[in-house]
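Some notes on the structure that comes next.
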Protein chains: 6
Amino acid sequence: MTDKTEFAGQRIVIINPNSTQAVTDGIDEAVESLRFADGPSIDCITLTEGPPGIECQRHADSVVDPLCDLITREDNSANAFVIACFGDPGLHSARETTAKPVIGIAESSYAAALQLGELFGVLAILDNSARRQRRYVCQLGLADRYVGSLPVGLGVTQLEGEAVAERMIKVGRDLINRQGADVLIMGCAGMARHRAQVEHALGVPVIDPSQAGTVQAIAAVRLGYTAPKSPRPN
Amino acid sequence: MTDKTEFAGQRIVIINPNSTQAVTDGIDEAVESLRFADGPSIDCITLTEGPPGIECQRHADSVVDPLCDLITREDNSANAFVIACFGDPGLHSARETTAKPVIGIAESSYAAALQLGELFGVLAILDNSARRQRRYVCQLGLADRYVGSLPVGLGVTQLEGEAVAERMIKVGRDLINRQGADVLIMGCAGMARHRAQVEHALGVPVIDPSQAGTVQAIAAVRLGYTAPKSPRPN
Amino acid sequence: MTDKTEFAGQRIVIINPNSTQAVTDGIDEAVESLRFADGPSIDCITLTEGPPGIECQRHADSVVDPLCDLITREDNSANAFVIACFGDPGLHSARETTAKPVIGIAESSYAAALQLGELFGVLAILDNSARRQRRYVCQLGLADRYVGSLPVGLGVTQLEGEAVAERMIKVGRDLINRQGADVLIMGCAGMARHRAQVEHALGVPVIDPSQAGTVQAIAAVRLGYTAPKSPRPN
Amino acid sequence: MTDKTEFAGQRIVIINPNSTQAVTDGIDEAVESLRFADGPSIDCITLTEGPPGIECQRHADSVVDPLCDLITREDNSANAFVIACFGDPGLHSARETTAKPVIGIAESSYAAALQLGELFGVLAILDNSARRQRRYVCQLGLADRYVGSLPVGLGVTQLEGEAVAERMIKVGRDLINRQGADVLIMGCAGMARHRAQVEHALGVPVIDPSQAGTVQAIAAVRLGYTAPKSPRPN
Amino acid sequence: MTDKTEFAGQRIVIINPNSTQAVTDGIDEAVESLRFADGPSIDCITLTEGPPGIECQRHADSVVDPLCDLITREDNSANAFVIACFGDPGLHSARETTAKPVIGIAESSYAAALQLGELFGVLAILDNSARRQRRYVCQLGLADRYVGSLPVGLGVTQLEGEAVAERMIKVGRDLINRQGADVLIMGCAGMARHRAQVEHALGVPVIDPSQAGTVQAIAAVRLGYTAPKSPRPN
Amino acid sequence: MTDKTEFAGQRIVIINPNSTQAVTDGIDEAVESLRFADGPSIDCITLTEGPPGIECQRHADSVVDPLCDLITREDNSANAFVIACFGDPGLHSARETTAKPVIGIAESSYAAALQLGELFGVLAILDNSARRQRRYVCQLGLADRYVGSLPVGLGVTQLEGEAVAERMIKVGRDLINRQGADVLIMGCAGMARHRAQVEHALGVPVIDPSQAGTVQAIAAVRLGYTAPKSPRPN
């Protein structure tokens, strides 16, 4: 039997790269079901230097430096990092910054979707998010399983309230009925609180990206994968 | 905060579809690090009707009926099933048999590999396994991330002993240096005991499929994804 | 000139893996135009152990063992086998069972479609068949030529009668007009009798899978291709 | 039972678009095994206007007009045409010229290869043929099953003699052992006489393109597929 | 600093392979903005042997010989050739005919589109053009960026007049709104005069293929790329 | 005839995002052949805030903000921007920052390569650059034309001197002979001075990315393509 003392005190740090605390709180709540008595602690941190929501590429690129700085500050007390924004901003820069595993929640969501259905679609926040998501899915080589992204038409800070879930359900229905998806991904960490309602209404698996990323973080710290070779200048 | 009483008594059943108890024992040991005090129990069961090793398509097809029968017998006391053979035998039949999540360890391994590197390769047992794996990777739409499978040239029941790890390391080196892999998957549940040694020698992440499948099973029972619509005759 | 005495007495065995004799009879009639005076005899056999129709993955997997047993019994008196179910159940197991050529009618239909148009679509029986077909087309690496499968919504034993042809025509029209297909495949051996009517109504080539598979069987026995290396455990 | 009187007098015309009669003779011999007592007659015609061998794109393009003229002249007495050059010169122009089926032997060879192995390679005549073949395989959407083409380094009129077979075997071995092919295609109609020897030496299926095209022509005339909609100016 | 005397007297020859002078005139006008005081001269020539419009594959194949003859005649006084028909007729034959760069305007348009948006669509003239375009896009390996071609339903000689632009705008709107294109290509050199109006109405980049090809020709003569190895018989 | 007064005073700004003036000087020299008497002026600017060389993802991400600030400052006096680093750092952020065309030199190089050969390879600076390039090629959907990237093993500031060209030639030979490339791209703007020598030695087209990007910038300013819809938050 494995000696589990090596796991004592493990800590996963989830970073919300936008500065909206309500989003961080939603993530924190969503990952509660992944906290175990003798499992890694899971701390959710707001990147205060970030914009209220990451809604364009410029926003995404602008958080990389403070995000990496935060990782450096937390590096001694963390066993894995999760970047909790669906654009995976700074993912590869972060992986150069620390030898600890760094998980991108979009990457993890796509990997999870492959196991929950044949064809996945994404509930995007805005129209331009859909364009970025297509580029990323292609980069990951997963285009054959992707039916597309459809925007709900709301920014990151507009994702609270019952009307939001209704819009997500409507857009999700289009992804299922018109585009053929049989599994959906919520394309923003700020949508976390709507997962149960949307999934119940649509009858297909709905993936919350922060949950998917945290699952991978737990796997990383418990299974101890060798960190990929650092792609820093060599 | 989530009320976790709903998780009490959850149980994951891992089925080794070959009849070799040593393989089941290796799996049981490998997933120990994924057992949590208040997490789901994880039971490993040997399919006694299976052949000593699943080494060709005929073997794989022959276990589907007893495998599904076992699932039916365990259905009332299980929350998720893991089919612990790298060919994912009977995966879609099993998903028609139970409404509980059924995880295929090859599918989960490929999904895990996507998050641990750019290009994955598989340590196959035999030459014909490599052919089946290529077909499956193509079916999953993941060919752009796959460098190929190389056989170590040993059957399922020949996977014990130090010499095996040495062969795996040699073949793994070819996958890395000649074919460009930066993450490896062990292509048989019976290789579980060699993971640490192979990973240490090669310096890249090495995925044990039973571990990868169990991670997904834990996610399934804790996050409660809606089961995909049953594809039974409708 | 080739000495054709080597071809004397050649026999192709077509196996209908479901137990519905009417389906076997329809196949027998459909391949009549491929019988030549001095060509191979073509015998159609019903797998009595099979279910009335193969309508889900569990059905498909369940026929593999009796199918392979039948092949073994017929092996001495057959020169090639055709598995006449559009799911190609047991295809690779059968290829391990005999050194004779084994043809899968779905595989042959897709190959035929490539030569008859730019983009093919499939008339599936049920919604879940469509999902299995997509997986198989991807496995074969043919997704770029595939517009999709649409179900006619009838089981294998419901495929007789004029109303069936009407439904097939309606669904075929959607595959052509909405999805862009210019060649269609009938996704069940039990649809054989409707080919002429559907093709006439739609004005595009319509492939009967049993016919497509038998063409390939004739090629195999007359051209004498080396059997692929057996992928049995080595 | 089908009334076969409709098949009486059917005739397949195979056109060798180069002017080398020895190539036509080789094709004629190769398709002998596909002649049946009550099957279609199969006539092989040399395009006298063609160059001695089609060895570059300019050659291929130059034969289209005389090839289409020949088809027009034969149209009343033919039920199907086979263009017996591995570049499929003029295939789509020919399909606009006649309402009868027109078969390209490269297209048919690729379709046949899909059914005889997992990965196919092509024995090309010259280095520049390999480049054209790659473009064509990509056009057909079959790149995932193609390991590549390797030249034997001989022109169309240099393909007679024992030494040729030896070179083909050597190149074929590279396609199998280095590039992973398990089925080979002879990339020139002029290689027909070497098939048996090469296949015997290599132990994998070897496809003669003229044979593959003729199989498809027989299927076309016996199964009576609706001709694809003419893509002439509309 | 580069000594630019080497560029003196450079001349680009644009060949319109159809015999309609109005099309040549439209091209000439369209490339005016690419003429520089000390840049290459750009001459537009009509292939008088061509048909009034190239509207099917037979047309395309029929111009190859006279096109190559024209190239041979102009070879001493040209530094680059542009084949100004969206089917790129004779492109590879022409590249075998001269050591000078030969540009295909379809190839250049697709390359330009990659830099102006995420997903491109083509305004085709006729329905059969759309089929040929799909084949070509696949051959070039660009299918992942292509949403399809839609016909405006007019032949090459019917492309003058205000009503044409209206139809192009209507079809372009479908490519954008229904198929997701964010950049359009005009699929005929004869559409040149409508570019400004169509682009203004639709608000996305619209590529005139003759302009795109001429840009590449200027690059070729000013940057002096080594000609690709001639694929003539070797 | 087009009134060319609209082109008067056009200016292209090429930004070298690293702070090494020698690299900027090399770019300036390389684009000299694209300067015309009455064409756009082409100014090369060094981003003084950048690192000496952009050699990892962190470097690339770190220049986005100052790069966008520079674009904002130059916006009133520029008609197009070229980001002259082969990683295309900040490309999409820059496109959100200005309504003027922004060209990425890697994107333009890949587009150019498609027109100069069948299969392209990249001369990378470092091993980790090769990994980033693969991701980007996949994102662009061009993997079918890409044979890979091989590192010359030198950083951005080590690219001066005769020995560098020798190494590039050696690596280029591997890309051609072992991996099948017939066109090469220099994977760093700092390699500009070696193009002539490398191309002469290898006999295939070699693309300098700054030249390729500038060609596209000239096309953009002379042809006046509508700017893509800004993907700013909407």
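Hydrogens, waters and symmetry mates play no part in the numbers below; they use all other heavy atoms, side chains included. Chain A is the first sequence line, chain B the second, and so forth, proteins listed ahead of strands; every chain is numbered from 1.
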- Item | Over all atoms of both residues, closest heavy-atom pair of Ala37(C) and Ala37(D) | CB-CB, 4.5 Å
- Task: Using atom types as modelled and distance alone, determine if a side-chain donor or acceptor of Asp38(D) lies under 3.5 Å from a backbone N or O of Phe36(C).
- Result: no
- Side-chain contact test, heavy atoms from C-beta onward, threshold under 4.5 Å: evaluate it for Asp144(D) versus Leu140(C) and give yes or no. no
- Query: Under 6.0 Å from the CZ atom of Arg193(C), do we count more than 12 heavy atoms belonging to anything else shown?
  - Reply: yes
- Are side-chain heavy atoms of Ile207(D) and Tyr225(C) found at a separation under 4.5 Å? yes
- Proximity breakdown for Val183(D) and chain C, heavy-atom pairs closer than 4.5 Å: neither
- Task: Taking the side chain as every heavy atom from C-beta outward, state whether His200(D) and Thr226(C) have any pair of such atoms under 4.5 Å apart.
- Result: no
- Message: Could you report the tightest heavy-atom contact between Ser108(D) and Gln115(C), atom names first, then the distance?
- Response: OG-OE1, 2.7 Å
- Quick one: are Glu32(D) and Lys4(C) in side-chain contact, heavy atoms under 4.5 Å? yes
- Hey, is CZ on Arg11(C) packed in by over 12 heavy atoms from elsewhere, all under 6.0 Å? yes
- Query: Does the side chain of Leu223(D) come within less than 4.5 Å of Asp208(C)'s, by heavy atoms?
  - Reply: no
- Message: Among Leu34(C), Ile218(C), Val215(C), exactly one meets side chain to side chain contact (heavy atoms under 4.5 Å, CB included) together with Arg222(D). Which residue is that?
- Response: Leu34(C)
